[in-house]
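Letters A, B, ... are given to chains in the order of the sequence lines, protein chains preceding strands, and every chain is numbered from 1. Just the heavy atoms: all of them, side chains too, but no hydrogens, waters or symmetry mates, feed the values below.
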Number of protein chains: 2
Amino acid sequence: MTTRWLTPEEQRAWRAYIAASRLLEDAIDRQLQQDGGMPHLFYSVLANLSEAPDRQLRMTDLAETLKITRSRLTYVVSRLERDGLVRRETCSWDKRSSLAALTDEGMALLERTAPGHVETVRSTLFDRITPEQVGQLEEICTGIARGLQGEDDGTRAGAEEVPWRRRSSPCSGSPSD
Amino acid sequence: MTTRWLTPEEQRAWRAYIAASRLLEDAIDRQLQQDGGMPHLFYSVLANLSEAPDRQLRMTDLAETLKITRSRLTYVVSRLERDGLVRRETCSWDKRSSLAALTDEGMALLERTAPGHVETVRSTLFDRITPEQVGQLEEICTGIARGLQGEDDGTRAGAEEVPWRRRSSPCSGSPSD
DNA sequence: TAAGTTTGTTTCAAACTTGAACCAAGCGGT
DNA sequence: ACCGCTTGGTTCAAGTTTGAAACAAACTTA
């Protein structure tokens, strides 16, 4: 088939998206690196752990929700562990798995860092778009994500998982990745 | 001020955005790496050069439009140069600058790679959203980008630049970053 | 015109990411 | 129990990114 090139509108949207995502990640990373001494992804790991039951998650599950490779997560967790923010624990019911658990120190850093991070997300993103656009953004993104995740397996079995009871976020206003 | 945490809607939008952008970049990168042997950013450099007057641009200008650091661009261009896809040229009217110029080989690779890339952008993004959402996405992203670029200087002088005449894209249906 | 400053780019080391290869523990037959 | 397959994680080397420092060519101004 003769390539269906992007229309001018699509082209503009695509380029605007690339630019925005690059600038946004840079801004978030810069702030987090400055005030928390860590890149965005590291913060996300802490944030996700803080909301998990017992503040711990299996490596694979964490990688899955963060949309990153297990290999990448291994690195990040090792790094966080080295700094005492996370602890690895063995999984009792599946000897293959290992759990990443948020330490008190990690939780403390997260709580100390969250306000500045959220403020940045606000000033760079939400202050710039209307409430209506917030909804549009969510719809667009969930649509894209739905189409992309697990496209390798097709049988999207719908998260069944372990029936863990969800706790309320320990960070009154959750740290938001 | 007591942190204004994200509302549930904002939270959902933010997380959906993070997920989507991560998945999208991964998909794009994977395809480009497979079929073109290079990551997305490298492709973008070639694409941008292909549309520039004489298929060449100053490093700084290129970095600016790509929203990346000069240092990062230096690396990318060195890499592309090593593979004969780009050539560095000295700038006649400003001895400090150096120009990155697309070689014929680079242009050929771009033309060979563009269809697959565009197809991927289409199937991962545009096939998943409505025409209306394309417009919404563009508006949202340009808004974010506008707020973010050059926030360091405040005096956004509005691109004055050299009055170069723009050529029409050499790739009939442009390669779209 | 000689400082002193700004602008354009590169360099370098440290940090991060990728993907393929590897190991170990579960699982499903036989 | 044994074999082969899948799943959960890590390792390792090669590739990429970051940020600070170094240079060099303009520009400014006394």
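Of the listed nucleotides (D:dT16, C:dG26, C:dT9), D:dT16 has the atom at the smallest distance from the side chain of B:F42. Relative to the side chain of B:S71, the nucleotides D:dT11, D:dT18, C:dT17 differ in distance, and D:dT18 lies closest. Residue B:R96 has its side chain nearest to D:dA25 when only D:dG8, C:dC16, D:dA25 are considered.
Atom pair B:M59:CE and C:dT10:P shows a separation of 4 Å (rounding to whole Å applied). The CD-C1' distance, from A:Q34 to D:dA20, rounds to 13 Å in whole Å. Between B:K95 atom NZ and D:dA26 atom C1' the separation is 11 Å, expressed in whole Å. Taking atom CZ of residue B:R30 and atom C1' of nucleotide D:dG15, one finds them 17 Å apart after rounding to whole Å. At whole-Å resolution of the value, CG in A:L32 and C1' in D:dT18 are 15 Å apart. When rounded to the nearest whole Å, the span between CZ of A:R88 and C1' of D:dG8 equals 12 Å. Distance OH (B:Y75) to P (D:dA20): 21 Å, rounded to an integer number of Å. The separation between B:Q33 atom CD and D:dG15 atom P is 10 Å, rounded to whole Å.
Taking for each of A:S97 and B:M38 the nucleotide of DNA chain D with the nearest heavy atom, the 5'-most of the two is the partner of A:S97. Nucleotides of DNA chain D nearest to B:T69 and B:R82 differ in position, and the one nearer the 5' end is that of B:R82. Map A:D94 and A:R79 each onto its nearest nucleotide of DNA chain C; the residue landing nearer the 5' end is A:R79.
Here B:T74 lies in heavy-atom contact (under 4.0 Å) with a base.
Counting heavy-atom neighbours within 6.0 Å of A:D104 CG, excluding the residue itself, gives a total of 12 or less. Counting heavy atoms of neighbouring residues, nucleotides and ligands inside a 6.0 Å radius, atom CD of A:E139 does not exceed 12 of them. Residue-environment remark: CZ (B:R4) stays at or below the threshold of 12 foreign heavy atoms within 6.0 Å.
For C:dG8, the base has no donor-acceptor partner in the side chain of B:T60 [N/O atoms by modelled type, under 3.5 angstrom]. Side-chain atoms of A:R72 stay outside donor-acceptor range of the base of C:dT18, with no qualifying N/O pair under 3.5 Å. Between the side chain of A:S98 and the base of D:dG9, no donor-acceptor pair under 3.5 Å is found.
Ring orientation note: the planes of B:Y17 and B:W14 are close to parallel, at an angle under 30° on the 30°/60° scale. In this structure, B:Y75 and B:F42 have perpendicular ring planes: the angle between them is above 60°, well past the 30° mark.
For D:dT10, the OP1/OP2 oxygens have no side-chain nitrogen or oxygen of A:R70 closer than 4.0 Å.
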